[in-house]
Peer 1: 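Below is the structure I would like to discuss, written out as structure tokens.
All values reported here derive from a predicted model rather than from experimental measurement. The chains referred to below are lettered A, B, ... by the order of the sequence lines, with proteins before strands, and numbering in each begins at 1.
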There are 4 protein chains.
Amino acid sequence: MIKVGIVGGTGYTGVELLRLLAQHPQAELRAITSRKEAGTPVSAMFPSLRGHVELAFTQPGASGLRGCDVVFFATPNGVAMGEARSVLDGGARLIDLSADFRLRDIAEWERWYKVKHAAPELVVDAVYGLPEVNREKIRGARLVANPGCYPTATQLGFLPLVEAGVVDLDHLIADAKSGVSGAGRKAELHLSFSEASDNFAAYNVAGHRHWPEIRQGLAQAAKREVGLVFIPHLTPLIRGIHATLYARITKEIDFQSLFEKRYAKEPFVDVMPPGSLPDTRSVRAANVCRIAVHRPPERTGRSDTLVVLSVIDNLVKGAAGQAVQNMNLMFGLPETTGLQHVPVVP
Amino acid sequence: MIKVGIVGGTGYTGVELLRLLAQHPQAELRAITSRKEAGTPVSAMFPSLRGHVELAFTQPGASGLRGCDVVFFATPNGVAMGEARSVLDGGARLIDLSADFRLRDIAEWERWYKVKHAAPELVVDAVYGLPEVNREKIRGARLVANPGCYPTATQLGFLPLVEAGVVDLDHLIADAKSGVSGAGRKAELHLSFSEASDNFAAYNVAGHRHWPEIRQGLAQAAKREVGLVFIPHLTPLIRGIHATLYARITKEIDFQSLFEKRYAKEPFVDVMPPGSLPDTRSVRAANVCRIAVHRPPERTGRSDTLVVLSVIDNLVKGAAGQAVQNMNLMFGLPETTGLQHVPVVP
Amino acid sequence: MIKVGIVGGTGYTGVELLRLLAQHPQAELRAITSRKEAGTPVSAMFPSLRGHVELAFTQPGASGLRGCDVVFFATPNGVAMGEARSVLDGGARLIDLSADFRLRDIAEWERWYKVKHAAPELVVDAVYGLPEVNREKIRGARLVANPGCYPTATQLGFLPLVEAGVVDLDHLIADAKSGVSGAGRKAELHLSFSEASDNFAAYNVAGHRHWPEIRQGLAQAAKREVGLVFIPHLTPLIRGIHATLYARITKEIDFQSLFEKRYAKEPFVDVMPPGSLPDTRSVRAANVCRIAVHRPPERTGRSDTLVVLSVIDNLVKGAAGQAVQNMNLMFGLPETTGLQHVPVVP
Amino acid sequence: MIKVGIVGGTGYTGVELLRLLAQHPQAELRAITSRKEAGTPVSAMFPSLRGHVELAFTQPGASGLRGCDVVFFATPNGVAMGEARSVLDGGARLIDLSADFRLRDIAEWERWYKVKHAAPELVVDAVYGLPEVNREKIRGARLVANPGCYPTATQLGFLPLVEAGVVDLDHLIADAKSGVSGAGRKAELHLSFSEASDNFAAYNVAGHRHWPEIRQGLAQAAKREVGLVFIPHLTPLIRGIHATLYARITKEIDFQSLFEKRYAKEPFVDVMPPGSLPDTRSVRAANVCRIAVHRPPERTGRSDTLVVLSVIDNLVKGAAGQAVQNMNLMFGLPETTGLQHVPVVP
């Protein structure tokens with residue numbers, strides 16, 4: 001059994017981690033910390049966990065994380081970078097679900113996250129936890145930077161095209177729609193039911209923190225800088241990201257086949273048959289990314305643009321599920337252990 | 001492994017059965033029939049099942065059900081009663097998720113379901129599949145009538161009071177709110193998103209088919225007829241029933257304690273601490289009924305009315321999950337086998 | 001033209017007042033105050049008002065309210081009672097949409113609102129602004145206490161029965177369901193989309209502030225104390241209250257006729273035909289209460305309980321619309337002036 | 001008073017027309033036909049209209065349309081083209097909310113609508129009812145083809161750019177999101193609450209009927225063929241379209257200023273300040289299109305792509321409201337008559 005600690009388990013990625021780990025056959029939850037909720041039984045805060053999680057939250061500084069094999073950080077951005085060193089020195093491996101270790105360019109990170117990075121020396125060794133790209137490095141990693149939700153859906157949708165160099169890399173477009181849980185478990189007016197339901201709008205059009213993360217991943221795959229317009233939208237659903245990706249074709253190939261081959265051995269990427277229209281509920285509460293490749297009409301007799309539809313559950317493949325997938329890799333378990341939930345439909 | 005067949009697996013109770021059985025360690029899905037969809041792979045109809053269910057739908061009359069240990073009927077009312085005899089004669093046990101075998105009074109059944117009952121002789125032996133009442137009978141049953149969703153939430157909420165005879169049995173009130181999936185997977189205007197979302201209304205106030213079913217169960221517990229006003233409401237949520245139950249107290253006892261004792265050994269009934277307010281999402285996608293007991297203010301210095309709040313997921317404890325619970329009992333498995341999913345929150 | 005001022009116009013009742021007054025042919029909006037937003041154009045905060053409202057928010061203490069004929073308080077509870085005296089002394093009439101002047105029993109008010117009342121002497125003269133009860137008094141009132149949303153729906157549903165004395169007045173039950181906007185424009189976690197959508201729960205079961213308000217109104221109609229169990233539920237819709245009311249019949253009369261006669265001349269109460277099931281959207285964005293009277297089955301051959309279904313838009317007939325209706329009465333306008341919006345369906 | 005008839009008033013565009021016309025000071029509703037509902041009072045079908053519309057539906061062939069000044073067709077595609085001639089011959093002017101007269105290329109129309117066009121000779125004289133383009137022609141038109149919802153939002157967003165010739169006209173992209181009411185008042189499974197809520201997906205990616213309509217309008221503005229990728233998505237909201245439009249810049253100008261000038265005199269197009277993020281609810285139930293122009297980051301130090309956000313209420317500016325706007329123009333009324341509703345927020 002892997003002894004697991006969680007730092008900051010009161011947000012949505014935290015409670016989702018708890019849901020997944022409580023049902024994981026090889027994980028034993030040893031400690032979960034929350035400064036604010038220390039002493040509160042986890043199941044008092046989340047009645048859905050009654051009968052499944054017996055722990056109470058403990059103080060972050062407490063010795064409860066001692067002896068853990070792996071510690072997940074499900075904290076706001078800026079916390080993990082301050083505590084990672086001591087966790088690693090204590091012998092545990094670390095999976096950070098926040099953004100602290102995702103960008104390799106420290107200056108770029110500081111520009112987007114508006115604080116000085118507290119542990120730039122750890123960024124060097126951190127492995128970006130997208131198994132479909134970095135599987136082998138993840139196995140040996142001590143510190144995994146778990147990808148963001150938009151970056152997961154967007155990179156998985158663009159990667160085959162970018163790696164193959166068959167589209168215009170200067171003008172990619174990602175029109176992304178996210179459920180409200182992607183914003184976290186927060187008391188903010190614009191996230192309230194009365195504001196966010198029966199409503200639809202773009203946000204952060206002038207720049208979203210996931211933009212540099214996606215560009216970094218695609219640039220690495222392309223071995224050159226890429227241009228990307230990224231427009232996120234807040235959508236009245238709880239869970240789910242739907243990324244509609246546009247790329248100008250520069251080389252004609254069999255795109256469906258390209259995607260199928262790229263992901264043939266991936267347990268959590270489902271390239272759907274031609275003509276498919278993946279919906280977000282088809283991945284609800286499950287660790288899977290479904291992708292469909294389209295060539296829509298554009299002009300009479302001609303069509304230059306490829307459209308890729310990519311859906312994930314932002315809390316699972318976009319956060320907690322991918323984190324558990326990374327844990328499985330790091331500890332030599334079959335990658336799908338504890339992650340074969342059937343999506344909840346309807 | 002229990003060899004399982006499903007008749008009529010294209011509705012919501014059917015796809016939910018598939019979700020649960022696909023993850024059940026002791027069930028092997030052998031056949032699933034649908035007259036209309038014969039030949040279609042199940043996962044083509046329900047992409048959420050891609051990678052989990054490999055079967056295609058087959059013709060109902062096909063021999064595919066031969067050799068099954070148990071056959072679930074997830075058909076519209078009126079189908080199972082016509083086919084039950086041949087399934088039973090073929091050696092399988094049968095769990096009917098429709099209403100065909102729920103009412104012991106044939107005339108009453110025919111009054112509410114508006115057709116002549118095709119197999120009254122089977123009704124005699126059918127066991128009403130509410131394990132919290134009929135556990136021992138279910139173990140030995142060949143034919144189980146799986147309860148309706150409202151009857152499950154309502155009976156579990158009223159039973160301790162009715163069995164103890166501590167409330168006015170002539171004037172029970174059940175104000176019940178159901179998610180839209182309770183109406184089934186149907187193309188009906190009043191169930192459409194544009195009609196049912198951002199909207200709330202009562203329905204079937206003049207009489208709902210679950211009313212006689214609830215009254216039958218409570219009368220059996222009371223050993224006398226009971227009076228019940230039952231008002232169902234259509235609520236803009238996908239899954240979930242919230243029953244708000246009102247009973248006039250006739251004998252003062254410790255009601256919290258009454259409920260806790262009644263359900264102390266029940267794996268799927270959670271009597272919450274005093275003051276709790278169970279929400280439907282706390283049971284979403286899980287086989288559990290959560291109950292809270294309240295004594296709200298009524299008049300200055302006096303309060304005659306007990307209020308019980310009871311929530312279930314209508315598709316799980318209110319349908320497919322309870323059916324699997326019954327299967328576990330019938331086949332001597334631990335009752336919780338394959339049913340310990342953590343509710344999906346948020 | 002009536003010169004109108006609004007104090008505290010940044011909440012939902014405030015913006016709804018603005019929506020109604022901007023389209024009111026006899027009202028001229030002169031000032032709207034907000035301590036926090038002073039200087040901000042109203043339409044910058046509420047883009048829906050672009051082109052309709054040109055004012056900017058001003059400081060509460062500013063002299064902007066001078067010269068107003070009427071001032072609406074759309075403030076949190078506890079504000080109006082402190083400022084009412086100076087507004088009245090300035091010559092304006094006052095309509096308070098908060099709870100400050102609703103309860104005539106000051107001790108009771110202080111028990112529920114947890115602060116000392118700042119202006120008990122004004123409570124004596126305040127008129128409870130339910131036109132269907134107090135129309136004549138409202139015409140002459142200087143200070144109107146606009147009713148709460150639940151109290152409006154519940155009282156209008158119970159009043160004919162209580163006034164006629166044909167039901168058991170000791171054991172009324174109001175099972176009420178409210179849309180989320182009823183909680184106000186607030187950044188609170190439990191009101192967030194991720195928490196409140198696809199979810200349903202009761203709240204404040206141990207006591208809601210509208211309980212004494214409803215009881216006061218019904219007691220006045222009954223000329224005696226009444227017993228009432230009041231259970232509110234948070235429902236995933238933006239606007240709308242659906243009150244399901246239960247009363248034990250003590251005298252057999254023609255109840256449909258009773259309701260029709262009681263409200264025959266009311267422009268904003270619609271007693272629907274027998275068998276009707278009013279839905280909340282049928283009153284969405286409009287100043288109307290729709291009511292249906294039912295006698296559901298209870299026991300074999302007997303039915304002792306009357307069920308009344310009452311729906312309103314909590315922001316219109318339950319708040320801002322009723323306030324404008326009161327303004328019309330106070331200033332001698334036809335009661336329906338500016339209030340004949342057709343409900344928005346779908 | 002303009003005497004108005006409506007053919008086929010049982011769909012969402014029909015009931016929305018009724019809502020708007022019932023409040024229109026210069027329109028008198030004379031007849032509304034429905035083959036299926038003939039004899040039914042309109043307000044029995046739509047309780048929201050109780051007290052506002054006294055008419056009953058009549059048979060389509062009935063003489064009820066005689067004497068009308070204008071007849072609106074709110075029928076499914078394919079009906080108006082068969083009946084237009086007789087309506088026009090009867091002396092009425094006609095506004096068709098369906099697609100029958102929108103495409104000038106009959107062969108193209110027949111390709112997309114899969115039937116032979118019944119009145120190609122009327123197409124020649126029909127005026128495409130987008131007032132922001134065809135205002136003068138509409139004034140004199142006898143037959144107006146009211147634009148589709150997506151085409152309204154998309155054309156208004158692209159027009160300034162296309163007219164000015166400052167973007168790449170071969171590769172426009174419209175990523176459009178629509179509320180479910182855009183699909184009409186239909187009993188279809190994929191539109192049901194249980195399927196469409198808490199879910200998001202693209203549809204008709206291989207070709208949507210609004211694609212040729214948009215291309216026709218933009219081509220006319222550009223005076224050349226344009227290339228357009230159009231991807232519609234079904235979104236869990238009742239009303240609202242959000243079009244996110246992408247165009248490659250070919251000439252640097254002040255785009256904000258371009259839009260502001262283009263629409264300076266338009267009463268129903270609101271070019272918002274730089275940085276604005278229009279949300280669909282800001283136009284809910286109102287006849288307005290709000291537009292924001294953005295230049296998001298793309299590559300380091302360079303940005304080639306312009307993003308335009310355009311929102312409308314699909315039932316108002318995208319259907320019934322625009323139809324009334326056209327009626328106002330045709331009958332010499334101020335264009336805004338009866339259309340100055342304040343959007344309903346929240």
Peer 1: Trp109(D) vs Tyr113(D) aromatic rings, parallel, tilted or perpendicular, using cut-offs 30° and 60°?
Peer 2: parallel
Peer 1: What are the two closest heavy atoms between Ser181(D) and Tyr12(D), and how far apart are they?
Peer 2: O-CD1, 3.7 Å
Peer 1: Report which part of Glu195(D) has an atom under 4.5 Å of a heavy atom belonging to chain A: side chain, backbone, both, or neither.
Peer 2: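 Both parts, backbone and side chain.
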Peer 1: Can you say whether Val307(A) sits under 4.5 Å from chain D via the side chain, the backbone, both, or neither, judging by heavy atoms?
Peer 2: side chain
Peer 1: Which atoms of Ser197(A) come close to chain D, meaning under 4.5 Å heavy atom to heavy atom: side chain ones, backbone ones, both, or neither?
Peer 2: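 Only the backbone of Ser197(A) comes within 4.5 Å of chain D.
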Peer 1: Contact between Thr235(D) and Lys177(A) at the side-chain level, heavy atoms closer than 4.5 Å - yes or no?
Peer 2: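 No, side chains not in contact.
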Peer 1: Less than 6.0 angstrom separating the ring centers of Phe230(A) and His208(A), yes or no?
Peer 2: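 Ring-ring flag for Phe230(A)/His208(A): true, centres closer than 6.0 Å.
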Peer 1: Counting only heavy atoms closer than 4.5 Å, note whether Ala206(A) contacts chain D via side chain, backbone, both or neither.
Peer 2: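 Answer is backbone: N, CA, C or O of Ala206(A) sit under 4.5 Å from chain D.
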Peer 1: Would you mind checking which part of Glu298(A) comes under 4.5 Å of any heavy atom in chain D, side chain (CB onward), backbone (N, CA, C, O), both or neither?
Peer 2: both
Peer 1: Looking at Arg284(D), Glu225(D), Arg302(D), Arg299(D), which makes the most heavy-atom pairs under 4.5 Å with chain A?
Peer 2: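 If we count pairs closer than 4.5 Å to chain A, Arg299(D) comes out on top.
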Peer 1: Is the side chain of Ser310(D) donor-acceptor paired with the backbone N or O of Thr154(D) at a distance under 3.5 Å, no angle test?
Peer 2: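 Between the backbone of Thr154(D) and the side chain of Ser310(D) there is no qualifying donor-acceptor contact (under 3.5 Å).
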Peer 1: Taking all non-hydrogen atoms of both residues into account, name the closest pair between Thr244(A) and Tyr246(A) and its distance.
Peer 2: CG2-OH, 3.4 Å
Peer 1: Let's go through Arg290(D) and Asp279(D) carefully: what are the C-alpha distance in whole Å and the side-chain angles of both, what is the deciding distance for salt bridge (Lys or Arg N to Asp or Glu O under 4.0 Å) to 0.1 Å, and is it a yes or a no?
Peer 2: CA-CA 9 Å; Arg290(D) 293 195 208 280; Asp279(D) 55 1; over 6 Å; no
Peer 1: Sort Arg248(A) into side chain, backbone, both or neither according to what part of it lies under 4.5 angstrom from a heavy atom of chain D.
Peer 2: side chain
Peer 1: I want to check something: taking the side chain as every heavy atom from C-beta on, are Val229(D) and Trp211(D) in contact at a cut-off of under 4.5 Å?
Peer 2: no
Peer 1: Chain A heavy atoms under 4.5 Å from Arg295(D): which part of the residue, side chain, backbone, both or neither?
Peer 2: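 Contact with chain A: none, neither part.
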Peer 1: Using non-hydrogen atoms only, which part of Pro296(A) is less than 4.5 Å away from chain D: side chain, backbone, both, or neither?
Peer 2: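 Both the backbone and the side chain of Pro296(A) come within 4.5 Å of chain D.
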Peer 1: Just give me the residue among His233(A), Arg239(A), His294(A) that pairs up with chain D most often, heavy atom to heavy atom, under 4.5 Å.
Peer 2: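 Ranked by heavy-atom pairs under 4.5 Å with chain D, first place is His233(A).
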Peer 1: What residue, out of Val205(A), Asp175(A), Val311(A), has the most heavy-atom pairs lying under 4.5 Å from chain D?
Peer 2: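 Heavy-atom pairs under 4.5 Å are most numerous for Asp175(A).
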Peer 1: Which one of Ala201(A), Pro346(A), Pro297(A) has the most heavy-atom pairs closer than 4.5 Å to chain D?
Peer 2: Pro297(A)
Peer 1: With chain D as the partner, which of Leu234(A), Leu172(A), Val226(A), Leu277(A) has the greatest number of non-hydrogen pairs under 4.5 Å?
Peer 2: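 It is Leu277(A).
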Peer 1: At a heavy-atom separation under 4.5 Å, does Ile238(A) approach chain D through its side chain, its backbone, both, or neither?
Peer 2: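 Ile238(A) touches chain D through backbone and side-chain heavy atoms alike.
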Peer 1: Are any side-chain N or O atoms of Thr280(A) and backbone N or O atoms of His242(A), one a donor and one an acceptor, separated by less than 3.5 Å?
Peer 2: no
Peer 1: Looking at chain D, which one of Asp170(A), Ile173(A), Leu309(A) has the largest number of heavy-atom pairs inside 4.5 Å, strictly under?
Peer 2: Asp170(A)
Peer 1: State, yes or no, whether a side-chain contact exists between Tyr263(A) and Leu159(A) at a heavy-atom distance under 4.5 Å.
Peer 2: yes
